[in-house]
Amino acid sequence: MSIAKKIVTLAGVVCLTVTTWAVASDPIVIGVPTGLSGANSTVAPAVVQSSEMAVAEINKSGGILGRQVKLEIADDGSGASGAQRAFDDLIINRNADVIISMETSAARNAGIPIVERNQVPYIYTSLYEGRSCSPYLFANGAVPEQMVGPIVDYFIDEKASKRFFLVGSDYAFGRGMLEFTRNYIEERGGEVVAEEYQPMNATDWTSIISQMRREKPDAVIMSTAGGAPNVTLQRQYKAAGMQALVGNLSVDELTAQSMGADAEGIYISASYLTAIESDVNSRFLERMETYFGSKLLTPNDLSVPQYDAIYLYKAAVEMAGTTDADAVIEALAKVSFDGPRGTVQMSAQRHAPLTMHLGRVQGNGSVEVVQIFKNVDPGEQCPTT
């Protein structure tokens with residue numbers, strides 16, 4: 001680029017036109033760091049599929065500003081050190097114009113300084129504990145203000161639950177979600193009888209389940225790292241013969257299916273379920289089935305926001321007329337996308353109001369919609385960013 005600038009200085013507008021053409025012919029690169037290994041390995045492949053589908057559709061329709069889109073995937077290992085390597089690789093070596101990713105909170109927190117240092121827009125697509133704020137970060141997944149109320153209110157109002165046991169993974173997501181949950185339960189007049197944590201990679205929940213048996217709660221609220229920890233905790237909970245209601249703040253539809261009969265009866269709060277009744281969602285599912293065939297992984301609340309986010313980025317670039325980071329960031333809060341979840345716009349302090357669904361997992365892994373909550377506000381997330 002420095003050579004091109006020098007030529008422009010010597011030769012004037014003609015060479016400037018050639019330089020602009022050369023840049024415009026390059027693909028727009030979307031970097032996707034996600035947990036292909038580690039805790040998120042159960043759900044990350046579905047995130048990749050959603051990314052591939054969105055990019056294929058966009059390229060088929062002419063790309064973005066006449067440029068094709070290139071997808072670059074990197075394994076972040078579901079953790080901080082892996083995320084640092086993945087972000088550096090995608091931005092520095094693979095020239096990502098934007099980072100769009102479903103990741104653990106540990107991975108996200110490790111990646112933010114890198115996008116800030118390199119001034120690259122970052123759309124975070126995972127449900128999470130909230131209040132992650134940066135001039136370069138937007139989020140289109142659900143936060144506690146959108147997820148906790150549907151489950152806790154249903155347990156208290158419809159199931160007469162009074163005593164709650166909280167259990168989570170010991171990192172930002174688990175603790176952040178359950179701090180909000182504890183406060184919400186107590187505001188509703190309920191009692192938290194215990195709050196326990198295990199490391200993200202924990203596989204043995206025996207001691208905590210024994211404590212649950214002693215406390216005899218009416219309901220258990222789980223907030224473990226998405227994917228593998230959910231599976232091990234729920235299977236051991238069921239094997240122990242526990243009968244308390246279960247609400248899980250991180251189980252998605254794909255993970256529930258991987259649990260089999262162990263997931264039956266879990267209540268989840270999701271911005272996306274395959275059971276959403278809309279023409280847009282029906283057509284989306286048909287296209288996914290056509291594109292991936294027998295290899296399709298069930299679209300879910302950790303993968304569909306990724307699909308939405310790529311289209312939101314497309315809309316922002318087209319509004320800005322450029323991939324320049326400052327212009328795209330300004331546009332991201334203004335654009336919206338009518339997708340499988342409904343209309344999504346990251347206009348509320350860099351977060352998105354979302355229609356939430358209280359769901360109950362069935363024996364075959366499908367999710368029955370119990371209640372629907374329209375346009376739930378994410379609350380105070382980043383008031384000064």
Once salt bridge (charged side-chain N to carboxylate O under 4.0 Å, His left out) is applied, do any residues pair with Asp338, and if so which ones, sequence neighbours excluded?
none

Nearest 0.5 Å please: distance from the OH atom of Tyr136 over to the CG atom of Leu332.
12.5 Å

Within a radius of less than 6.0 Å around NZ of Lys70, do more than 12 heavy atoms belonging to other residues, nucleotides or ligands occur?
no

Between the main-chain N or O of Val192 and the side-chain N or O of Glu186, is there a donor-acceptor pair closer than 3.5 Å?
no

For Glu330, does the CD atom sit with more than 12 other heavy atoms under 6.0 Å from it, leaving out its own atoms?
no

Shortest non-hydrogen contact from Ala39 to Ala225?
CB-CB, 4.0 Å

Could you please spell out the steps behind the side chain to side chain donor-acceptor pair (under 3.5 Å) verdict for Ser271 and Gln146?
CA-CA 9 Å; Ser271 66; Gln146 296 164 314; over 6 Å; no

May I ask you to say whether Arg175 pairs ionically with Glu179, meaning some side-chain N is under 4.0 Å from a carboxylate O?
no

Report the hydrophobic cluster partners of Leu297, with the cluster defined as I, L, V, M, F, W, Y residues connected by side-chain heavy atoms closer than 4.5 angstrom, directly or transitively.
Leu254

Distance, nearest 0.5 Å, that separates CD of Gln243 from OH of Tyr237
7.5 Å

Arg67 versus Asp26: any side-chain heavy-atom pair under 4.5 Å?
yes

Ignoring hydrogens and angles, tell me if any N or O in the side chain of Glu52 forms a donor-acceptor pair with the backbone of Phe292 under 3.5 Å.
no

Between the side chains of Asn281 and Ser278, is a donor N or O closer than 3.5 angstrom to an acceptor N or O?
no

Are the side chain of Gln381 and the backbone of Arg131 linked by a donor-acceptor contact shorter than 3.5 Å?
yes

Should Ile123 and Leu65 be counted in the same cluster of Ile, Leu, Val, Met, Phe, Trp and Tyr side chains packed under 4.5 Å apart?
yes

Heavy-atom pair with the smallest gap, counting every atom of Val344 and Ala352
CG1-CB, 4.0 Å

Less than 4.5 Å apart, any side-chain heavy atom of Ile268 and any of Leu273?
yes

Can you check whether Ser223 reaches Ser169 side chain to side chain, under 4.5 Å on heavy atoms?
no

Apply the test side-chain contact (heavy atoms from CB on, under 4.5 Å) to residues Tyr307 and Phe337: give CA-CA distance (whole Å), side-chain angles for both, the deciding distance (0.1 Å), then the verdict.
CA-CA 10 Å; Tyr307 179 87; Phe337 175 63; 4.1 Å; yes

Closest heavy-atom pair, Ala327 versus Thr322, reported as atoms and distance to 0.1 Å, is CB-CG2, 3.7 Å

Would you say Asn93 has more than 12 foreign heavy atoms packed within less than 6.0 Å of its CG?
yes

Is Arg94 paired with Asp89 through a side-chain N to carboxylate O contact shorter than 4.0 Å?
yes

To the nearest 0.5 Å, atom NZ of Lys216 lies from atom CZ of Phe165 at 14.5 Å

Identify the heavy atoms of Ser258 and Thr42 that sit nearest to each other, and give their distance.
OG-CG2, 4.1 Å

As a quick check of understanding, evaluate side chain to side chain donor-acceptor pair (under 3.5 Å) for Ser105 and Arg108, giving each step before the final call.
CA-CA 5 Å; Ser105 291; Arg108 180 199 67 245; 3.0 Å; yes

Ile185 and Leu166: side-chain contact (heavy atoms from CB on, under 4.5 Å), yes or no, with the steps?
CA-CA 11 Å; Ile185 289 169; Leu166 310 184; 4.0 Å; yes

Could you tell me whether the side chain of Tyr272 reaches within less than 4.5 Å of the side chain of Pro299, counting heavy atoms only?
yes

Asp153 and Tyr184: side-chain donor and acceptor closer than 3.5 Å?
yes

Glu103 backbone acceptor or donor facing Ser101 side chain under 3.5 Å
no

Can you list the steps and then say if Met259 with Val251 is a side-chain contact (heavy atoms from CB on, under 4.5 Å)?
CA-CA 10 Å; Met259 294 180 186; Val251 160; 3.8 Å; yes

If every non-hydrogen atom of Val335 is compared with every non-hydrogen atom of Gln345, which pair is closest and at what distance?
O-CG, 3.1 Å

With the side chain counted from C-beta on, respond yes when Ile114 and Tyr122 share a heavy-atom pair under 4.5 Å apart, and no when they do not.
no

Do the side chains of Ile100 and Ser51 get nearer than 4.5 Å, heavy atoms only?
no

If hydrophobic clusters are built by linking Ile, Leu, Val, Met, Phe, Trp and Tyr wherever their side-chain heavy atoms come under 4.5 Å apart, do Leu296 and Tyr291 end up in the same one?
yes

What distance separates Leu178 CG from Asn183 CG, expressed to the nearest 0.5 Å?
11.0 Å

Given Val69, which of Asn59, Val29, Asp97 fulfils the side chain to side chain contact (heavy atoms under 4.5 Å, CB included) condition?
Asn59

Tell me, with the steps shown, if Val361 and Glu264 meet side-chain contact (heavy atoms from CB on, under 4.5 Å).
CA-CA 5 Å; Val361 181; Glu264 184 174 7; 5.7 Å; no

Using the test side-chain hydrogen bond (donor to acceptor under 3.5 Å, both in side chains), find all partners of Tyr197 that sit at least two apart in sequence or belong to another chain.
Glu195

Under 3.5 Å, is there a donor-acceptor pair between the side chain of Tyr128 and the main chain of Ser132?
yes

Would you sort out whether Thr385 and Arg350 count as a side chain to side chain donor-acceptor pair (under 3.5 Å), showing the intermediate values?
CA-CA 8 Å; Thr385 302; Arg350 299 172 179 265; 5.4 Å; no

So, Arg235 and Asp262, do they make that salt bridge, N to O below 4.0 Å?
yes

Does any N or O in the side chain of Gln362 come within less than 3.5 Å of the main-chain N or O of Arg360, such that one atom is a donor and the other an acceptor?
yes

Which atoms form the tightest heavy-atom contact between Ala96 and Gly31, and what is the distance?
CB-N, 4.0 Å

Supply the atom-to-atom distance Thr255 OG1 to Gln234 CD, rounded to the nearest 0.5 angstrom.
11.5 Å

Hey, is the main chain of Val193 close enough, under 3.5 Å, to the side chain of Arg163 for a donor-acceptor pair?
no

In Ser78, Ser126, Pro229, the residue satisfying side chain to side chain contact (heavy atoms under 4.5 Å, CB included) with Asn40 is Ser78

Contacts of Asp204 meeting side-chain hydrogen bond (donor to acceptor under 3.5 Å, both in side chains) (sequence neighbours excluded), chain-then-number -> Thr206

Determine yes or no for a side-chain-to-main-chain donor-acceptor pair under 3.5 angstrom, with Ser41 supplying the side chain and Gly38 the backbone.
yes

Where at least one partner belongs to residues 366-385, residue pairs that pass salt bridge (charged side-chain N to carboxylate O under 4.0 Å, His left out), sequence neighbours excluded:
none

With distance as the sole test, does Glu253 use its side chain to make a donor-acceptor pair with the main-chain N or O of Thr274 at under 3.5 Å?
yes

Verify whether one side chain among Tyr311 and Glu57 offers a donor that lies under 3.5 Å from an acceptor in the other.
yes

To the closest 0.5 Å, what do you measure between CG (Asn140) and OG1 (Thr125)?
6.0 Å

Partners meeting ring pair (Phe, Tyr, Trp, His ring centres under 6.0 Å) with Tyr267 (sequence neighbours left out):
Tyr154, Phe155

